[in-house]
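Predicted model only: the values in this text are computed from it and were never measured. As the structure lists them, so they are numbered: ligands from 1, and atoms in each ligand from 1.
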Amino acid sequence: MDYKKVVAERIKENVELDIETIEKLIEIPPKPEMGDYAFPCFQLSKVMRKAPNMIAEQLKNNINKDGFESVQNLGPYLNFFLDKSVFISETINKILTEKDKYGSSNLGEGKNVIVEYSSPNIAKPFHIGHLFTTSIGNSLYKILSFEGYNCIGINHLGDWGTQFGKLISAYKRWVDEDKLHKEPINELLRIYVKFHDEAEKDPSLEDEARMHFKALEDGNEEEVKLWTKFKDLSLKEFKKVYEMLNVEFDSYAGESFYSDKMDAVVNEIEDKGLLTESNGAKVVMLDEYNMPPCIIKKADGATIYATRDLAAAMYRKKTYDFYKNIYVVGTPQALHFKQVFTTLKLMGYDWADDCKHVGFGLVKFADKKLSTRKGDVIFLEDLLKEAIEKTLGIINENEKEKNKAIENKEDVAKKIGIGAVLFTYLKNNRERDIVFDWKEMLSFDGETGPYVQYTYARGKSILRNETNIGDLQDADYSKLNSKEEFELVKYLDGFQSSILNAIDKLEPSIVTRHIIEIAKAFNKFYNQINIKNTEDAKVKNARIKLVESSCQVIKNGLSLLGIDVVEKM
Ligand code: ARG
């Protein structure tokens, strides 16, 4: 039950404030002796022309206290104390009845939400920065779907633009087919870099590249064939990573998908009187909004990134009639999206306000010894493999130390290792930079993926060892009156509100942090209360149900982050 709502309704029965205002005023007190919810009476004092502490006293006398242990006034505050055993049994019953659905709702029913994420560039490495957009986008997709929104996950591949003319030139001149076969992205990167070096010495190469791109745009067979080859090779590499991460998309409509939809957009902008000439280029002026112009066509007549984004937004509106169109793209592109959204607005599309850019920070390294194939770029595939290997090493050590065998070691290492990396990306406010540190990330203590995973497995092992779990009626919740038990249940109860908050701010870390709090509260409970030796069978059952509920909520929470749990470790 949502007790905050109940509190608000009870107050509403006695005062002249609307329910939303009351809900906003309700606080969670800092100390348990001040109750579980508190309502400050200052605002009422103006309406009722009475001192706040007198209002609090009056409310205390008149309010319906059903379902609460007590309602008390303390100075200007009205404090509500939950009937703990009712609260605990209701919460646990709800979790164990709803299971994998606990925390979900149909809030978003009938609303289409586009989540655009990952969107790597063809013929370029899928590097560690791309995991930021991939993990946040994947998590937002899951979180929104969990609350009933109909999500469409789009991978807006960077697969169009003048750089493909350069790549075709480079390919025809310098490719090593053998290397291309073995390490496609590295070879494509190598020849692309070489093109730039050579073009500095011989600028005519640029003309050649332009010619190839033009031919590609015109659908010339040779160029299309090469471009398709680059794209296929790249996607094959990217899909290896998506498979490791268990990430999927509903659509791979990338930049090239819009190549034939661009003329219409340019014409429309022109018809609406928004197109201006500037140094040979065609632009939409945005001075009024304190922004540089949005370039629509370059001086050589080629359309660019922004034009394709305009076409994409319009296509998405037409095809999906979205409620929200979310772009999970690094913060350095904030200006680009502002320009695109403002241009759409100038074109008369009010739905431009439903387009949201979800930015994120940079990834930095604490230790420089990360394995790289070559150069400075760290391929995500290598990073994930290293995480799995390192986790396997830790598991092997633990086995020796504790002298116990772990089943399905490879699978456990994969789930924990990849989970640890994802957890690191999703743990903090997304705008914050990540400092990557293997030791910290893979540690079983602290606010890490392995810590939460371990907590889950610990709970599961208790459940495996306790075979006499009766049904829900056989549990006596009235004796779960320790501080630890009550705190844990409060966090379990607050799970959905953390999800709704995450949706409100498009910030998965709010869910991550809540799971961390649940794991911490669980471990406090586990260390403080002797579950195994609880004498009264019904009380013991109640505690076991609490363990089961905690595991369930941790599992539901991790799955919203795209992380799998392991039953034993
Ligand atoms: N391909 C781009 C990159 O890797 C990101 C694309 C972002 N999405 C968009 N609709 N512009 O930087």
Side-chain angles (χ1 to χ4, degrees), residues 113-138 140-141 151-164 166-167 185 188-189 192 227 230-231 234-235 237-239 241-242 247 249-259 261-262 265 284 291 294-296 303-320 322 324-344 349 351-352 354-363 376-381 425 430 506:
V113 175
I114 308 246
V115 185
E116 188 216 284
Y117 60 109
S118 203
S119 313
N121 297 322
I122 292 300
K124 297 253 180 75
F126 194 118
H127 58 80
I128 51 165
H130 286 119
L131 187 54
F132 228 145
T133 148
T134 310
S135 59
I136 291 173
N138 187 45
L140 286 177
Y141 185 101
C151 292
I152 302 107
I154 300 184
N155 193 334
H156 187 83
L157 288 174
D159 59 359
W160 205 248
T162 45
Q163 70 271 30
F164 290 98
K166 296 177 187 174
L167 200 57
I185 306 275
L188 291 173
L189 190 63
Y192 187 67
W227 172 81
F230 303 151
K231 186 164 168 172
S234 308
L235 273 179
E237 293 295 302
F238 298 164
K239 283 189 177 163
V241 175
Y242 294 140
V247 165
F249 300 91
D250 300 302
S251 158
Y252 274 89
E255 294 188 44
S256 68
F257 181 77
Y258 302 99
S259 57
K261 299 169 181 61
M262 230 88 89
V265 177
V284 174
M291 280 184 254
C294 184
I295 303 173
I296 305 296
T303 55
I304 64 161
Y305 189 55
T307 332
R308 291 188 277 279
D309 260 324
L310 290 168
M314 288 161 68
Y315 175 85
R316 290 175 187 178
K317 186 65 194 174
K318 199 173 83 208
T319 310
Y320 305 105
F322 57 72
K324 289 272 146 42
N325 177 22
I326 296 168
Y327 297 81
V328 187
V329 183
T331 302
Q333 294 196 34
L335 175 62
H336 161 76
F337 285 108
K338 256 176 138 174
Q339 290 174 304
V340 168
F341 301 161
T342 309
T343 302
L344 287 168
Y349 297 124
W351 50 259
D354 302 325
C355 297
K356 304 274 173 226
H357 172 222
V358 169
F360 51 80
L362 301 171
V363 189
D376 290 330
V377 247
I378 293 159
F379 283 66
L380 188 56
E381 196 188 336
Y425 277 82
R430 57 182 159 74
L506 297 173

Judged by atom type as modelled, is there a donor-acceptor pair below 3.5 Å linking the side chain of S118 to the main-chain atoms of T134?
no
Using only atom types and a distance under 3.5 Å, with no angle test, would you say the side chain of H357 pairs donor to acceptor with the backbone of K338?
no
Between D250 and Y141, a side-chain donor and acceptor under 3.5 Å
yes
Is it the case that the side chains of D309 and Y327 hold a donor-acceptor pair, with the cut-off being a distance below 3.5 Å and no angle test?
no
Return the residue, atom name and 0.1 Å-rounded distance of the protein heavy atom closest to [atom].
| atom | result |
| --- | --- |
| atom 8 (N) of ligand 1 | E116 OE2, 2.8 Å |
| atom 1 (N) of ligand 1 | N121 OD1, 2.6 Å |
| atom 6 (C) of ligand 1 | Y305 OH, 3.3 Å |

Decide whether the shortest distance between a heavy atom of H130 and an atom of ligand 1 is less than 4.0 Å.
yes
Give a yes or no on whether I295 atom CD1 has more than 12 heavy-atom contacts from other residues, nucleotides or ligands under 6.0 Å away.
no
At less than 4.0 angstrom from any non-hydrogen atom of [X], what atoms of ligand 1 do you find?
| X | result |
| --- | --- |
| D309 | 9 (C), 10 (N), 11 (N) |
| F337 | 9 (C), 11 (N) |
| V329 | 7 (C), 8 (N) |

Within-cut-off N or O pair, Q333 and ligand 1, under 3.5 Å
yes
Is the closest N or O pair between Y327 and ligand 1 shorter than 3.5 Å?
no
Taking side-chain contact (heavy atoms from CB on, under 4.5 Å) as the definition, give me every residue that meets it alongside L362, ordered by chain and number, with sequence neighbours left out.
D433
Quick one: which of F257, W227, Y258 gives a ring pair (Phe, Tyr, Trp, His ring centres under 6.0 Å) with W160?
W227
